[in-house]
Amino acid sequence: VTDMGGAVVSIPQDNGPIADLWYAHNEITVMLGGAGRIAVSAESPTESPWLFRFFPALLKARTGIRPDTASAEDLLARHIALVFVSSRAKAEELRRAGLPALSAEYATQADLLRSLDMTAQALGTDEATRTAALYHQRMAETLTLLHTRLASLPEQNRPRVLHIARLEPLQVDGGNTLVDAWITAAGGRNAATVSGNHRPVSAEQILAWNPDIVIVDASAGAVPATSPLMALPALQTGRWWRNPRGIFAWDRYGCEDLLQLYWAATRLHPELFADIDIRSVTLTFYQTFFHVNLTDDEMTRILSGNPPAPDNARERKEKSH
(Lines give C-alpha, C1' and ligand atoms only; values in the text may rest on other atoms or scores of the structure.)
Protein backbone atom coordinates (compact mmCIF):
# COMPACT_ATOMS: atom_id res chain seq x y z
CA VAL A 1 0.00 0.00 0.00
CA THR A 2 1.30 3.47 -0.89
CA ASP A 3 0.53 5.86 1.96
CA MET A 4 -0.16 9.62 1.82
CA GLY A 5 3.53 10.32 2.30
CA GLY A 6 4.47 8.23 -0.73
CA ALA A 7 5.93 5.30 1.22
CA VAL A 8 5.16 1.77 0.01
CA VAL A 9 4.25 -0.42 2.98
CA SER A 10 3.57 -4.15 3.18
CA ILE A 11 0.43 -4.92 5.19
CA PRO A 12 -0.17 -8.38 6.73
CA GLN A 13 -3.24 -10.08 5.26
CA ASP A 14 -4.28 -11.62 8.57
CA ASN A 15 -6.95 -9.03 9.50
CA GLY A 16 -5.03 -8.42 12.71
CA PRO A 17 -5.59 -5.63 15.24
CA ILE A 18 -5.40 -1.98 14.20
CA ALA A 19 -4.01 1.06 16.01
CA ASP A 20 -5.72 4.18 14.66
CA LEU A 21 -3.73 7.07 16.09
CA TRP A 22 -5.32 9.96 14.19
CA TYR A 23 -8.58 11.21 15.69
CA ALA A 24 -10.23 12.12 12.36
CA HIS A 25 -9.25 8.85 10.72
CA ASN A 26 -10.95 6.58 13.24
CA GLU A 27 -14.38 7.16 11.73
CA ILE A 28 -13.00 6.39 8.28
CA THR A 29 -11.75 3.02 9.53
CA VAL A 30 -15.13 2.46 11.17
CA MET A 31 -17.08 3.52 8.06
CA LEU A 32 -15.08 1.03 5.98
CA GLY A 33 -15.99 -1.82 8.33
CA GLY A 34 -12.89 -1.93 10.50
CA ALA A 35 -14.38 -1.04 13.90
CA GLY A 36 -14.03 -4.57 15.24
CA ARG A 37 -10.29 -4.55 14.50
CA ILE A 38 -9.41 -1.31 16.31
CA ALA A 39 -7.43 -2.29 19.40
CA VAL A 40 -5.76 1.07 20.08
CA SER A 41 -7.39 4.42 19.35
CA ALA A 42 -6.53 8.09 19.65
CA GLU A 43 -10.23 8.69 20.31
CA SER A 44 -11.90 8.46 23.71
CA PRO A 45 -15.51 8.24 24.92
CA THR A 46 -15.16 11.67 26.52
CA GLU A 47 -13.98 13.42 23.36
CA SER A 48 -16.12 11.54 20.82
CA PRO A 49 -19.11 10.12 22.71
CA TRP A 50 -21.20 9.43 19.60
CA LEU A 51 -18.47 7.19 18.15
CA PHE A 52 -18.53 4.96 21.23
CA ARG A 53 -22.33 5.13 21.55
CA PHE A 54 -22.84 3.78 18.04
CA PHE A 55 -19.85 1.42 18.07
CA PRO A 56 -19.56 0.09 21.66
CA ALA A 57 -17.04 -2.54 20.55
CA LEU A 58 -14.48 0.30 20.64
CA LEU A 59 -14.87 0.44 24.42
CA LYS A 60 -12.74 -2.73 24.49
CA ALA A 61 -9.88 -0.90 22.79
CA ARG A 62 -7.12 1.01 24.54
CA THR A 63 -8.41 4.55 24.01
CA GLY A 64 -7.07 8.08 24.26
CA ILE A 65 -3.58 7.18 23.00
CA ARG A 66 -2.04 10.40 21.71
CA PRO A 67 -0.35 9.97 18.34
CA ASP A 68 2.75 11.90 19.40
CA THR A 69 3.33 9.75 22.48
CA ALA A 70 2.31 6.32 21.18
CA SER A 71 4.90 3.72 22.13
CA ALA A 72 6.19 1.38 19.43
CA GLU A 73 7.05 -1.15 22.13
CA ASP A 74 3.48 -1.15 23.41
CA LEU A 75 2.03 -1.53 19.90
CA LEU A 76 4.39 -4.42 19.14
CA ALA A 77 3.45 -6.11 22.40
CA ARG A 78 -0.20 -5.88 21.37
CA HIS A 79 0.63 -7.53 18.02
CA ILE A 80 -0.74 -4.57 16.06
CA ALA A 81 -0.94 -5.51 12.37
CA LEU A 82 -1.72 -2.05 10.96
CA VAL A 83 -1.17 1.50 12.23
CA PHE A 84 -2.71 4.71 10.92
CA VAL A 85 -1.07 8.02 11.90
CA SER A 86 -1.45 11.64 10.83
CA SER A 87 2.12 12.43 9.83
CA ARG A 88 4.85 11.07 7.61
CA ALA A 89 7.44 11.44 10.38
CA LYS A 90 5.47 9.35 12.88
CA ALA A 91 4.80 6.67 10.25
CA GLU A 92 8.51 6.45 9.43
CA GLU A 93 9.40 6.25 13.14
CA LEU A 94 6.99 3.34 13.73
CA ARG A 95 8.10 1.54 10.56
CA ARG A 96 11.71 1.69 11.75
CA ALA A 97 10.52 -0.12 14.88
CA GLY A 98 8.99 -2.86 12.74
CA LEU A 99 5.35 -1.75 12.59
CA PRO A 100 3.34 -1.52 9.33
CA ALA A 101 2.41 2.14 9.68
CA LEU A 102 0.61 4.32 7.14
CA SER A 103 0.51 8.10 7.03
CA ALA A 104 -3.15 8.95 6.39
CA GLU A 105 -2.93 12.74 6.60
CA TYR A 106 -4.83 15.05 4.26
CA ALA A 107 -5.77 18.74 4.15
CA THR A 108 -8.03 18.89 1.09
CA GLN A 109 -11.19 17.13 -0.06
CA ALA A 110 -9.28 15.50 -2.92
CA ASP A 111 -6.69 14.10 -0.51
CA LEU A 112 -9.45 12.96 1.87
CA LEU A 113 -10.65 10.71 -0.95
CA ARG A 114 -7.09 9.49 -1.62
CA SER A 115 -6.68 8.64 2.06
CA LEU A 116 -10.04 6.87 2.02
CA ASP A 117 -8.92 4.72 -0.91
CA MET A 118 -5.60 3.98 0.77
CA THR A 119 -7.44 2.87 3.91
CA ALA A 120 -9.80 0.63 1.95
CA GLN A 121 -6.84 -1.00 0.23
CA ALA A 122 -5.08 -1.53 3.56
CA LEU A 123 -8.18 -3.11 5.13
CA GLY A 124 -8.39 -5.36 2.11
CA THR A 125 -12.09 -6.29 2.23
CA ASP A 126 -14.83 -6.14 -0.39
CA GLU A 127 -16.94 -4.09 2.03
CA ALA A 128 -14.21 -1.46 2.38
CA THR A 129 -13.79 -1.24 -1.40
CA ARG A 130 -17.55 -0.91 -2.03
CA THR A 131 -18.03 1.67 0.70
CA ALA A 132 -15.13 3.81 -0.50
CA ALA A 133 -16.49 3.74 -4.06
CA LEU A 134 -19.96 4.75 -2.85
CA TYR A 135 -18.51 7.59 -0.79
CA HIS A 136 -16.64 8.84 -3.88
CA GLN A 137 -19.92 8.80 -5.81
CA ARG A 138 -21.88 10.67 -3.12
CA MET A 139 -19.14 13.29 -2.69
CA ALA A 140 -19.02 13.91 -6.45
CA GLU A 141 -22.81 14.26 -6.58
CA THR A 142 -22.79 16.67 -3.64
CA LEU A 143 -20.04 18.91 -5.03
CA THR A 144 -21.72 18.95 -8.44
CA LEU A 145 -25.05 19.93 -6.91
CA LEU A 146 -23.50 22.78 -4.94
CA HIS A 147 -21.43 24.01 -7.86
CA THR A 148 -24.41 23.99 -10.22
CA ARG A 149 -26.70 25.93 -7.91
CA LEU A 150 -24.05 28.45 -6.86
CA ALA A 151 -22.36 28.93 -10.26
CA SER A 152 -24.18 32.16 -11.13
CA LEU A 153 -24.06 33.63 -7.62
CA PRO A 154 -22.21 36.98 -7.66
CA GLU A 155 -19.17 37.37 -5.41
CA GLN A 156 -20.88 40.04 -3.33
CA ASN A 157 -23.71 37.61 -2.53
CA ARG A 158 -21.30 35.07 -1.06
CA PRO A 159 -21.21 35.83 2.69
CA ARG A 160 -17.92 36.27 4.51
CA VAL A 161 -17.80 33.37 6.97
CA LEU A 162 -15.57 33.11 10.04
CA HIS A 163 -15.01 29.66 11.51
CA ILE A 164 -13.97 29.75 15.16
CA ALA A 165 -12.13 26.61 16.21
CA ARG A 166 -11.68 27.56 19.87
CA LEU A 167 -12.81 30.36 22.14
CA GLU A 168 -10.24 29.84 24.91
CA PRO A 169 -7.66 30.56 23.60
CA LEU A 170 -9.24 32.26 20.61
CA GLN A 171 -8.39 30.37 17.39
CA VAL A 172 -9.77 30.45 13.84
CA ASP A 173 -9.38 28.38 10.67
CA GLY A 174 -7.94 30.19 7.67
CA GLY A 175 -7.01 29.37 4.09
CA ASN A 176 -5.45 26.13 2.79
CA THR A 177 -7.65 24.01 5.05
CA LEU A 178 -10.60 21.65 4.68
CA VAL A 179 -12.62 24.28 6.56
CA ASP A 180 -11.81 26.83 3.87
CA ALA A 181 -12.79 24.26 1.23
CA TRP A 182 -16.30 23.66 2.57
CA ILE A 183 -16.90 27.36 3.18
CA THR A 184 -16.06 28.03 -0.47
CA ALA A 185 -17.97 25.02 -1.83
CA ALA A 186 -21.07 26.05 0.15
CA GLY A 187 -21.07 29.52 -1.40
CA GLY A 188 -19.16 31.53 1.17
CA ARG A 189 -15.86 33.38 1.48
CA ASN A 190 -13.49 32.79 4.38
CA ALA A 191 -13.38 36.00 6.42
CA ALA A 192 -10.10 35.00 8.06
CA THR A 193 -7.08 36.32 6.16
CA VAL A 194 -4.68 33.89 7.86
CA SER A 195 -3.58 30.46 6.60
CA GLY A 196 -3.90 27.13 8.39
CA ASN A 197 -5.91 25.47 11.16
CA HIS A 198 -6.28 26.69 14.73
CA ARG A 199 -4.58 30.03 14.08
CA PRO A 200 -4.35 32.22 17.20
CA VAL A 201 -6.10 35.55 16.76
CA SER A 202 -7.23 38.49 18.89
CA ALA A 203 -10.82 39.58 19.39
CA GLU A 204 -9.79 42.93 17.92
CA GLN A 205 -8.74 41.24 14.70
CA ILE A 206 -12.05 39.38 14.44
CA LEU A 207 -13.94 42.63 15.04
CA ALA A 208 -11.89 44.20 12.25
CA TRP A 209 -12.73 41.33 9.88
CA ASN A 210 -16.42 41.84 10.79
CA PRO A 211 -17.68 38.57 9.22
CA ASP A 212 -21.23 38.31 7.88
CA ILE A 213 -21.63 34.88 9.48
CA VAL A 214 -19.85 33.14 12.38
CA ILE A 215 -19.73 29.36 12.77
CA VAL A 216 -18.37 27.98 16.05
CA ASP A 217 -16.88 24.50 16.40
CA ALA A 218 -19.13 22.35 18.60
CA SER A 219 -16.29 21.60 21.05
CA ALA A 220 -15.62 25.31 21.57
CA GLY A 221 -18.83 25.84 23.53
CA ALA A 222 -20.90 29.02 23.56
CA VAL A 223 -19.58 32.55 23.15
CA PRO A 224 -19.56 34.06 26.68
CA ALA A 225 -21.88 37.02 27.20
CA THR A 226 -18.87 39.00 28.41
CA SER A 227 -16.81 38.30 25.28
CA PRO A 228 -15.79 41.27 23.11
CA LEU A 229 -17.04 39.17 20.20
CA MET A 230 -20.60 39.90 21.31
CA ALA A 231 -20.12 43.29 19.63
CA LEU A 232 -20.05 41.59 16.23
CA PRO A 233 -23.16 42.40 14.16
CA ALA A 234 -23.28 38.70 13.13
CA LEU A 235 -23.71 37.66 16.77
CA GLN A 236 -26.12 40.49 17.58
CA THR A 237 -28.41 39.58 14.68
CA GLY A 238 -28.31 35.82 15.18
CA ARG A 239 -26.14 35.16 12.14
CA TRP A 240 -24.01 32.61 13.97
CA TRP A 241 -24.39 28.88 14.52
CA ARG A 242 -22.82 26.11 16.47
CA ASN A 243 -21.51 23.45 14.11
CA PRO A 244 -22.99 19.94 14.22
CA ARG A 245 -20.87 17.15 15.66
CA GLY A 246 -21.63 13.47 15.29
CA ILE A 247 -19.27 10.50 15.19
CA PHE A 248 -16.61 13.15 14.56
CA ALA A 249 -16.71 16.92 14.10
CA TRP A 250 -18.49 17.62 10.80
CA ASP A 251 -16.43 20.78 10.21
CA ARG A 252 -13.01 19.23 10.58
CA TYR A 253 -11.23 16.31 8.93
CA GLY A 254 -13.53 13.31 9.11
CA CYS A 255 -15.76 11.73 6.47
CA GLU A 256 -18.78 13.66 7.78
CA ASP A 257 -17.32 16.47 5.69
CA LEU A 258 -19.92 15.34 3.14
CA LEU A 259 -22.70 16.26 5.59
CA GLN A 260 -20.95 19.53 6.40
CA LEU A 261 -21.18 20.59 2.77
CA TYR A 262 -24.98 20.17 2.80
CA TRP A 263 -25.37 21.78 6.22
CA ALA A 264 -23.24 24.81 5.34
CA ALA A 265 -24.94 25.32 1.97
CA THR A 266 -28.43 25.23 3.49
CA ARG A 267 -27.33 27.66 6.21
CA LEU A 268 -25.55 30.13 3.94
CA HIS A 269 -28.09 30.03 1.11
CA PRO A 270 -31.42 28.67 2.40
CA GLU A 271 -33.27 30.10 -0.61
CA LEU A 272 -31.10 28.13 -3.07
CA PHE A 273 -31.32 24.86 -1.13
CA ALA A 274 -34.88 25.04 0.20
CA ASP A 275 -35.60 21.54 -1.13
CA ILE A 276 -32.84 19.95 0.94
CA ASP A 277 -33.85 18.66 4.38
CA ILE A 278 -30.67 18.30 6.40
CA ARG A 279 -32.35 15.85 8.78
CA SER A 280 -33.27 13.57 5.90
CA VAL A 281 -29.78 13.84 4.37
CA THR A 282 -28.19 13.05 7.73
CA LEU A 283 -30.50 10.10 8.40
CA THR A 284 -29.67 8.57 5.01
CA PHE A 285 -25.93 9.16 5.42
CA TYR A 286 -25.78 7.43 8.79
CA GLN A 287 -27.88 4.51 7.56
CA THR A 288 -25.81 4.11 4.40
CA PHE A 289 -22.29 4.55 5.70
CA PHE A 290 -22.51 3.58 9.40
CA HIS A 291 -25.57 1.28 9.45
CA VAL A 292 -26.99 3.44 12.23
CA ASN A 293 -30.66 4.42 12.43
CA LEU A 294 -30.77 7.76 14.24
CA THR A 295 -33.66 8.53 16.57
CA ASP A 296 -35.24 11.98 16.43
CA ASP A 297 -33.53 12.93 19.69
CA GLU A 298 -30.13 11.76 18.47
CA MET A 299 -30.58 13.70 15.24
CA THR A 300 -31.46 16.88 17.11
CA ARG A 301 -28.51 16.52 19.46
CA ILE A 302 -26.03 15.90 16.64
CA LEU A 303 -27.28 18.84 14.58
CA SER A 304 -27.03 21.03 17.68
CA GLY A 305 -23.45 19.90 18.36
CA ASN A 306 -24.45 18.22 21.62
CA PRO A 307 -23.41 14.83 23.10
CA PRO A 308 -25.76 11.87 23.59
CA ALA A 309 -28.34 11.91 26.35
CA PRO A 310 -26.95 10.59 29.67
CA ASP A 311 -29.28 7.58 29.55
CA ASN A 312 -27.35 4.83 27.80
CA ALA A 313 -30.39 2.61 27.33
CA ARG A 314 -30.79 2.42 23.57
CA GLU A 315 -32.55 -0.11 21.42
CA ARG A 316 -31.60 -0.30 17.78
CA LYS A 317 -31.50 -2.89 15.04
CA GLU A 318 -28.39 -2.34 13.01
CA LYS A 319 -25.71 -4.24 11.22
CA SER A 320 -23.02 -5.48 13.59
CA HIS A 321 -19.47 -4.32 12.80
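None of the values given here were measured: they were computed from a predicted structure. Along the sequence shown, residues carry numbers from 1. Heavy atoms only: backbone and side chains are in, while hydrogens, waters and symmetry mates are out.
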- After noting the C-alpha distance and the side-chain angles of Ile276 and Leu145, does the key distance pass the side-chain contact (heavy atoms from CB on, under 4.5 Å) rule? CA-CA 11 Å; Ile276 293 178; Leu145 172 68; 3.7 Å; yes
Can you confirm whether [X] sits close enough to [Y] that some side-chain heavy atom of one is under 4.5 Å from a side-chain heavy atom of the other?
| X | Y | result |
| --- | --- | --- |
| Leu170 | Ile206 | yes |
| Gln260 | Asn243 | yes |
| Lys90 | Asp68 | no |
| Thr63 | Phe52 | yes |
| Ile278 | Arg267 | no |
| Asn210 | Leu232 | yes |
| Glu105 | Arg88 | yes |
| Arg158 | Leu268 | no |

Test your reading of the model: is there a side-chain donor-acceptor pair from [X] to the backbone of [Y], 3.5 Å cut-off?
| X | Y | result |
| --- | --- | --- |
| Arg78 | Val40 | no |
| Asn190 | Gly174 | yes |
| Tyr135 | Cys255 | yes |
| Arg149 | Ala265 | no |
| Thr131 | Leu32 | no |
| Tyr253 | Leu178 | yes |

Establish, from distance only, whether the side-chain atoms of [X] and [Y] form a donor-acceptor pair under 3.5 Å.
| X | Y | result |
| --- | --- | --- |
| Asn176 | Ser195 | yes |
| Asn306 | Arg242 | yes |
| Glu43 | Ser48 | yes |
| Glu256 | Tyr286 | yes |
| Arg279 | Thr300 | yes |
| Thr119 | His25 | yes |
| Asn197 | Gln171 | no |

- Item | Working for salt bridge (Lys or Arg N to Asp or Glu O under 4.0 Å), residues Arg301 and Asp296 | CA-CA 9 Å; Arg301 287 175 175 275; Asp296 286 342; over 6 Å; no
- Going only through I, L, V, M, F, W and Y residues with side-chain contacts under 4.5 Å, is there a path from Leu76 to Ile18?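 No, no single cluster joins them.
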- Query: In terms of hydrophobic clustering (I, L, V, M, F, W, Y; side-chain heavy atoms under 4.5 Å; direct or indirect links), are Val8 and Ile11 co-clustered?
  - Reply: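 Val8 does not cluster with Ile11.
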Mark yes when over 12 heavy atoms from residues, nucleotides or ligands other than [X] sit less than 6.0 Å from its [atom1]; otherwise mark no.
| X | atom1 | value |
| --- | --- | --- |
| Asn157 | CG | yes |
| His136 | NE2 | yes |
| Gln156 | CD | yes |

- With Asp173 as partner, the option from Arg252, Arg166, Arg199 fulfilling salt bridge (charged side-chain N to carboxylate O under 4.0 Å, His left out) is Arg252
When you check the gap from the basic side-chain N to the acidic O, do [X] and [Y] get nearer than 4.0 Å?
| X | Y | result |
| --- | --- | --- |
| Arg114 | Asp111 | yes |
| Arg130 | Glu127 | no |
| Arg189 | Asp180 | no |
| Glu47 | Arg66 | yes |

- Can you pull the ring pair (Phe, Tyr, Trp, His ring centres under 6.0 Å) pairs that have at least one residue in residues 181-219, sequence neighbours excluded?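 Found His163-Trp182.
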- Message: Applying ring pair (Phe, Tyr, Trp, His ring centres under 6.0 Å) as the test, list every pair that has at least one member in residues 261-284; sequence neighbours left out.
- Response: none
All N/O donor-acceptor pairs, side-chain side in residues 211-225, below 3.5 Å, sequence neighbours left out:
unit_1: Asp212; atom_1: OD2; unit_2: Arg160; atom_2: N; d: 2.8
unit_1: Asp217; atom_1: OD1; unit_2: Ser219; atom_2: N; d: 2.9
unit_1: Asp217; atom_1: OD1; unit_2: Ser219; atom_2: OG; d: 2.6

- Classify the ring geometry between Phe290 and Phe55 as parallel (under 30°), tilted (30 to 60°) or perpendicular (over 60°).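 Aromatic pair Phe290/Phe55 classed perpendicular.
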Closest approach of [X] to [Y] (non-hydrogen atoms, all atoms of both residues):
| X | Y | result |
| --- | --- | --- |
| Tyr106 | Ser115 | CD2-CB, 3.5 Å |
| Gly254 | Leu112 | O-CD1, 3.7 Å |
| Ala128 | Ala120 | O-CB, 3.6 Å |
| Pro45 | Leu59 | CG-CD2, 3.8 Å |

- List the steps, then state whether side-chain contact (heavy atoms from CB on, under 4.5 Å) holds for Thr2 with Gln121. CA-CA 9 Å; Thr2 301; Gln121 184 185 0; over 6 Å; no
- Distance (rounded to the nearest 0.5 Å) between Leu134 CG and Thr129 OG1: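 The distance works out to 12.5 Å.
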- Message: Is the positively charged end of Arg245 above the ring of Phe248, judged by distance under 6.0 angstrom from the centroid and angle within 45° of the axis?
- Response: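 Yes, a cation-pi geometry holds between Arg245 and Phe248.
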- Message: Set out, in order, the CA-CA distance, both residues' side-chain angles and the distance that settles side-chain contact (heavy atoms from CB on, under 4.5 Å) for Asp20 and Val85, then state yes or no.
- Response: CA-CA 7 Å; Asp20 203 322; Val85 292; over 6 Å; no
- Item | Test log, rule side-chain contact (heavy atoms from CB on, under 4.5 Å), inputs Met139 and Asp257 | CA-CA 9 Å; Met139 177 62 82; Asp257 174 58; 3.6 Å; yes
